[in-house]
Amino acid sequence: MKLKLRKGAGVALGLAAAALAGVALAVDMTDRMRGAPITETTPPPPLVNSDNSDIRRARNYAMQPPVIPHKIDNYQLDKNANRCMFCHARTQTQTSGAPMVSITHFQDRQGNHLAELSPRRYFCTQCHVPQADLKPLVDNRFVDVNELLRAEQQRKSGGSGTGGGGTGAPRH
């Protein structure tokens with residue numbers, strides 16, 4: 001009796017697995033950002049020119065690393081040289097006009113101050129990135145905390161305002 005029950009359960013399990021496999025094959029396997037099947041390698045999109053305005057941009061959230069407002073094409077940034085420090089080192093900012101790197105870049109993991117750039121902060125593009133004016137691949141509904149607070153204050157005071165905070169509207 002037990003053998004027949006096990007055999008029947010095995011057959012049912014096998015049929016269920018086959019049905020699920022059929023459903024899995026019917027799933028759309030297209031990468032929507034590339035417009036190609038996920039199993040295909042496609043050529044990368046062409047590179048675009050980075051913003052080279054040298055205008056400092058506002059930061060969107062607390063502790064956001066500043067973005068790079070200039071081109072860094074062909075900058076050497078490896079274990080042998082850090083081209084960023086040609087302008088952003090404390091000794092170079094007077095002549096270059098570039099902002100000095102933060103004091104936090106001269107601290108080790110324990111918070112001890114170092115005479116040289118910390119090895120963990122040496123590769124600038126780990127956190128800082130150049131900008132390009134491109135259409136986003138996905139919608140961005142980011143709302144700055146100041147806008148959220150302003151909207152909350154208006155809600156509490158009964159004002160309508162047009163701050164846009166908390167509406168989920170895309171910011172550009």
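Owing to the predicted nature of the structure, the values given are computational and were not obtained by experimental measurement.
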> Step by step, would you call Val138 with Met33 a side chain to side chain contact (heavy atoms under 4.5 Å, CB included)?
Replying inline: CA-CA 9 Å; Val138 295; Met33 286 192 200; 3.5 Å; yes

What's the shortest heavy-atom distance between [X] and [Y], and which atoms?
| X | Y | answer |
| --- | --- | --- |
| Ile68 | His128 | CD1-O, 3.7 Å |
| Asp108 | Asn112 | OD1-N, 2.8 Å |
| Ala132 | Val48 | CB-CG2, 3.7 Å |
| Gln126 | Arg120 | NE2-O, 3.6 Å |
| Cys87 | Ser96 | O-OG, 2.8 Å |
| Arg90 | Thr93 | O-OG1, 3.3 Å |

>> Please determine whether side chain to side chain contact (heavy atoms under 4.5 Å, CB included) holds for the pair Thr39 and Met29, giving the CA-CA distance in whole Å, both sets of side-chain angles, and the decisive distance to 0.1 Å.
In response: CA-CA 8 Å; Thr39 55; Met29 302 293 282; 5.6 Å; no

Working to the nearest 0.5 Å, report the span between [atom1] of [X] and [atom2] of [Y].
| X | Y | atom1 | atom2 | answer |
| --- | --- | --- | --- | --- |
| Ser102 | Gln107 | OG | CD | 7.5 Å |
| Gln154 | Glu152 | CD | CD | 10.5 Å |
| His105 | Leu114 | NE2 | CG | 12.5 Å |
| Arg34 | Thr41 | CZ | OG1 | 7.5 Å |

I'd like to know whether [atom1] of [X] has more than 12 heavy-atom contacts from other residues, nucleotides or ligands below 6.0 angstrom.
| X | atom1 | value |
| --- | --- | --- |
| Arg83 | CZ | yes |
| Asn74 | CG | no |
| Asp133 | CG | no |
| Glu40 | CD | yes |

> Should Leu117 and Phe106 be marked as a side chain to side chain contact (heavy atoms under 4.5 Å, CB included) after you check the CA-CA gap, both sets of side-chain angles, and the distance that decides it?
Replying inline: CA-CA 5 Å; Leu117 197 61; Phe106 293 90; 4.3 Å; yes

Whether [X] side chain and [Y] backbone form a donor-acceptor pair below 3.5 Å:
| X | Y | answer |
| --- | --- | --- |
| Arg56 | Pro66 | no |
| Asn52 | Lys71 | yes |
| Tyr122 | Asn82 | yes |

> Below 4.0 angstrom, N of the basic side chain to O of the carboxylate: do Glu147 and Arg150 qualify?
Replying inline: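 Result for this pair is no, no salt bridge flagged.
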
>> Between Arg121 and Val101, is there a side-chain heavy-atom distance shorter than 4.5 Å?
In response: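 The answer is no; the side chains never approach within 4.5 Å.
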
> How about Asp51 and Val67: do any of their side-chain heavy atoms sit closer than 4.5 Å?
Replying inline: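 With C-beta onward as the side chain, the pair stays apart.
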
>> In this structure, would Leu77 and Met85 fall into the same cluster of hydrophobic residues linked by side-chain contacts under 4.5 Å?
In response: yes

> In terms of ring plane angle, is the pair His88 and His70 parallel, tilted or perpendicular, where the classes change at 30° and 60°?
Replying inline: parallel

